[in-house]
Every structure is written in structure tokens, then in C-alpha cells.
Amino acid sequence: MSKVAMDVPAKGGFSFDLCKRNAMLAKDGVQLPPFRKTGTTIVGLIFQDGVILGADTRATEGPIVADKNCEKIHYLAPNIYCCGAGTAADTEAVTDMVSSQLNLHRYHTGRQSRVVTALTYLKKHLFSYQGHVSAALVLGGVDFTGPHLHTIYPHGSTDTLPFATMGSGSLAAMAIFESKYKEGLTREEGIQLVTEAICSGIFNDLGSGSNVDICVITKDNKEYLRNHLQPNPRTYVSPKQYSFTKKTEVLLTKITPLKEKVEVIQAGDAMEE
Amino acid sequence: MESTQANPGLLCSPEDSQRTLYPYVTGTSVVALKYKDGILMAADMGGSYGSTLRYKSVERMKPIGKHSLLGASGEISDFQELLKYLDELILYDNMWDDGNSLGPKEIHNYLTRVMYNRRNKFDPLWNSLVLGGVKKGQKYLGMVSMIGVNFEDNHVATGFGNHLARPILRDEWREDLSFEEGVKLLEKCMRVLLYRDRSAVNKLQIAKITEEGVTISQPYALRTFWGFSAFQNPTAGAEGSW
């Protein structure tokens, strides 16, 4: 199937072809489906041996909690992880894509991925979509140049910071960081501070909640502590319903074999196709 | 009989431009907490005119009567108007000369009524007020917003302080803080606000109100730290990037 003048897809950037159609639909009263946002608290900080990333686990769809225990810390490379806030689909897709690109790059160069490589891939992609890809990311990792922590905004700007927070709970978490962060934290102190910051987001921001996920990345090692802290357990047990403690008594055991519907008389010819 | 319901044009006629539509000169957050002997309140001295830091010596906390202290964020001119109303109120109260004086609960109630009534007329006093006081050993700390929402609590914050100071206060406030601990906690909140609120100035006052009376400190500045190694050389490892 070779056509000479094939329709080549537009190279990169945003195709605004459907905007006119969307505007016409909106005028007729058709509403866009509400996209699932993560309404999040995500944080990262640099401690003496590397980087610690933290995130809450609530995904919201407007006022409803769509997922009580989602994963917001995404894998990019064995030594690089990324937390994502904003539209859940965007953060998933963008981190997945950059993870594949980094993998190819690793095959190409034969070396461990660098954090700035991931940063540049993400930055390039987000900028070319002019902020329409609503992904706000906290990127952290350790490569041979040392530990790095970056924030990436949906329009494509980046910051390099010793501690960072993003998402709707970022102010609550930043209040904790600004008052308690110091250089040269140990691993335990770092995990403690990150947990405190995420808990501050969970309890003071309505868009964040449920559990705390932590990821510790050091030079030769990474630890993904999924649900490191669960400060919102289900404590209410209904007094009457749903109590399955009473065992059901077995009164009688009788096995009735069911009759076969089809009677196989003899092995005849093979069935027609 | 002309009422605004019969003639809705009265509500939004162009001659009616006396009401506050947007705030112009604004003060930023006020943070306050209850401690062992009374109330501690902190506010910086900035008055912003839009995005310019126009006035840097605005006193946003004032004593009211014998027992209360009022702090305000939002439109400064509306705060001054409120002080005028409260002045009148205290004056009338003193004229009774009956040995009793308006305490913080009463002032708080008065403020709530004023704010709510103005909001109902679509002409709000664009402030978030913090009212603290001690009367007969009872500590009182309350807040009124520009739409008339009022409540009483152990620690309050307005403006940006809602997002930045409240998590810290919820975590670290306890009953029976000493004066030093209370000041330290307030300074912690004000420092975070100084780092992260664009309309904050590094010139603040801390006010204390106890059974004895009100003391508002002289203005002073907080110590800040900018020496993180990541700030010294942010592009280490990625020459030429930003």
C-alpha cells in the first residue's frame, strides 16, 4: 500500500483543528466530560545522600474522590522518579512517554540516565503544547553528577531547588518545609520531614488525602515505600449490618450432578467449519 | 413605594459608585493565637497599592477599649472606617459610666453585625478582621470576614496566612503556651509568609493582650536564610540550563 502523497501527521506542537468544532458544540450546550485531576500534594527534598520524593494518594473528579489510593510517584528511570500533579491522564502519559525515551537513550549511549536529560525531554514536550498538557511535576533523581531536584510547570518552565512542593496542597506542605528544612538531613530526618509535609497537605487541603507515598533515591539504591504512612484508616465498624462473624451452620450436604444438555451419541464426523 | 426590588436599576445605576468594588490599598495576613496569659497577634506593616508596596509603616493592629485588640487585613480605608465606628461605640459605652465595659465578645458581635449588614447591601467593608481580648480572665479570639462569616478559635489567620500559617498552627499550637513559645510560633508563621507571600514586608509588629492591657511592640525585622547550596549554583551538573 504505497501512496506517494500520504497525509503526514503534523510534526510536534498542538493541532488546533478541533477547537472550532469544540466551540460550536459548547455553544449548543454540550459539556466537556469532567477530567480527573489529582488535586494533590507532592513534595521533594534533597538530603545528604540523595533525594526523597513524597506524594499523597487521592485522585479527585471535581468534588468526588475518584481513587482513594492512586500512585502519583512515577518511574522514569532506575535512578529517576517523578511526582505528578494536575490532570491524571496528562501526568501518566507524559511520564510514560519520557520513561520510554530515556530507555531508548540509555540503549543509545550505554550510560545511566541523567536527571537533566529527563528534565529536558519533559520541558520540551510541555512547552510545545503551550500549557494545554496540564502536568505539574516534581522530578528527582541521583546520577553521577549528584542528587538533583527540579519542578516543572505545565507551560514548560523549570526550577532547580533544594526542596519543592506542587499541587493544591503545595502551600500547606511548603509551610512545613520553609519552617523546618535544613541542609545535610539524614535519611530518617528527611523521611520524617517529607511525611510531615504530605500530612500537612492531607489534613489542611481538601484536594489531598488518604495515604503518604515516599520514594528515597540514593546513589546506588532506590526505595519505593508505597503507603509508608496510612493516617486515615477506616475506623468505623457498623454495629448491625455487614458483620460476618456468625458462621453459617451446615445442615446438609448433598451433591446433585447436573444433566448434560447435549447427548453425545457417537463420535460422528468432524463438525462442519 | 419605591424599593430596590421594584426597581432593580437602582442597584446597579452608575451614580451608585460609592460602594467598594475592588480593594485598593491592602494589608496582607494577620496571624493570632491564644497563649497562657492572653492573646498574641502579629501583622506586618505593609500597605500594598496593587502590586506596589506603597506604604511600609501601616499599623494594622489597634487596641479597642480596655479589653480588646483588633487586627485587620484587606482594604486599609475600610479598616480606618471601622475604627471610627468602634471609637463611637466605646465612647457611648464610657458615657454610661456604669463600671462595666465592652469586652471582646461584644465587640466581635458588633463587628459581625456591621460586616454582615454591609454585605447584604452589596457594599462590603473589604476586610478580614481578627479580634482578640481578655476580660475577667476569659481569653477570646475570633475572626470576621468581609461577608460576615464569624467564628471563634484558638488560633486564626487571614489572607495568605490561611494557607501558609494555619497548617503550622494546627500542628504546633497547644494549650498554655508561654509568652516566648507563642512569640516563637508566631515568628515561624510570619517568616514563612515573608518567604512565600509577595505582598509581605519584613517589618512586623507583635501585639500582646492580657488582663493588664494591650502592648504593641516596636516594629522589627525577621532574620531570613538564603544560603542553601542549591541556590548558590543551581545549574551545577547542567551547564547552561536554568
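First the proteins, then the strands, lettered A, B, ... as listed; each starts at 1. Values below: all heavy atoms of this structure, side chains included; hydrogens, waters and symmetry mates excluded.
- Heavy-atom contacts from other residues, nucleotides or ligands closer than 6.0 Å to CZ of B:F225 number more than 12.
- For the set A:K180, A:E178, A:E196, the entry with the most heavy-atom pairs within less than 4.5 Å of chain B is A:E178.
- Of the atoms belonging to A:F203, it is backbone heavy atoms, and not side-chain ones, that fall under 4.5 Å from chain B.
- Taking a 6.0 Å sphere around OH of B:Y195, one finds it holds more than 12 heavy atoms contributed by other residues, nucleotides or ligands.
- Interatomic distance, A:S179 OG to B:E187 CD, rounded to the nearest 0.5 Å: 13.5 Å.
- Within the 4.5 angstrom heavy-atom criterion, only side-chain atoms of B:F231, from C-beta onward, approach chain A.
- Annotation: B:R198, atom CZ; neighbour count of heavy atoms from other residues, nucleotides and ligands within 6.0 Å does not exceed 12.
- Only the side chain of B:E172 has a heavy atom closer than 4.5 Å to any heavy atom of chain A.
- Within a 6.0 Å sphere centred on NE2 of B:H163, other residues, nucleotides and ligands contribute 12 heavy atoms or fewer.
- A:S200 places none of its side-chain heavy atoms less than 4.5 Å from the side chain of B:D171.
- Using a 4.5 Å cut-off between heavy atoms, B:R191 does not touch chain A at all.
- Remark: the B:R170 side chain and the A:N204 side chain contain an N/O donor-acceptor pair separated by less than 3.5 Å.
- In this structure, B:L83 places its CG atom where more than 12 heavy-atom neighbours from other residues, nucleotides or ligands lie under 6.0 Å away.
- Per-residue heavy-atom pair counts under 4.5 Å with chain B were compared for A:I176, A:L171, A:T120, A:L149, and the maximum is reached by A:L171.
- If you take CZ on B:F228 and OH on A:Y181, they are separated by 6.5 Å, rounding to the nearest 0.5 Å.
- Of all the listed residues (B:G227, B:C189, B:A165, B:P167), the one sharing the greatest number of non-hydrogen pairs under 4.5 Å with chain A is B:P167.
- For CD of B:Q138, the number of neighbouring non-hydrogen atoms (other residues, nucleotides, ligands) closer than 6.0 Å is 12 at most.
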